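Following: one structure in structure tokens, then a few remarks.
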Amino acid sequence: MARRDDLIKAEALELWKQMHDEPPPEVSGGELLELICRDLVVRAYDRVQSPFLRPTMILRPEDWPEMAKN
């Protein structure tokens, strides 16, 4: 059975191939993922989604409307 680090490296290499034309640098899988993700823009999103929670049951920061727009 493959080790966790080997699986991460394999997934990172496949992702690199999809996103870049040049060969990947010789780094670990975790470091390669960091290189891939460092320039990504991550937009805010609502992580709390459940059919068992009503919106009034979820406490959010006071500045949530501004945070959700980003």
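Everything numeric here is computed off the predicted structure, so don't read it as measured data. By convention here, the first residue in the shown sequence is residue 1.
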Heavy-atom check, side chain of L15 versus side chain of L33, under 4.5 Å: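 Yes; the side chains approach each other to less than 4.5 Å.
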Any D5 side-chain heavy atom under 4.5 Å of K9 side chain: no
Approximate separation, where rounding is to 0.5 Å, of C37 SG and L32 CG: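 Separation between the atoms: 9.5 Å.
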Heavy-atom closest pair, residues G30 and I8: N-CG2, 4.0 Å
Closest contact, heavy atoms only, I36 versus A12: CD1-O, 3.7 Å
Same apolar cluster (I L V M F W Y, side chains within < 4.5 Å links), V27/W16: yes
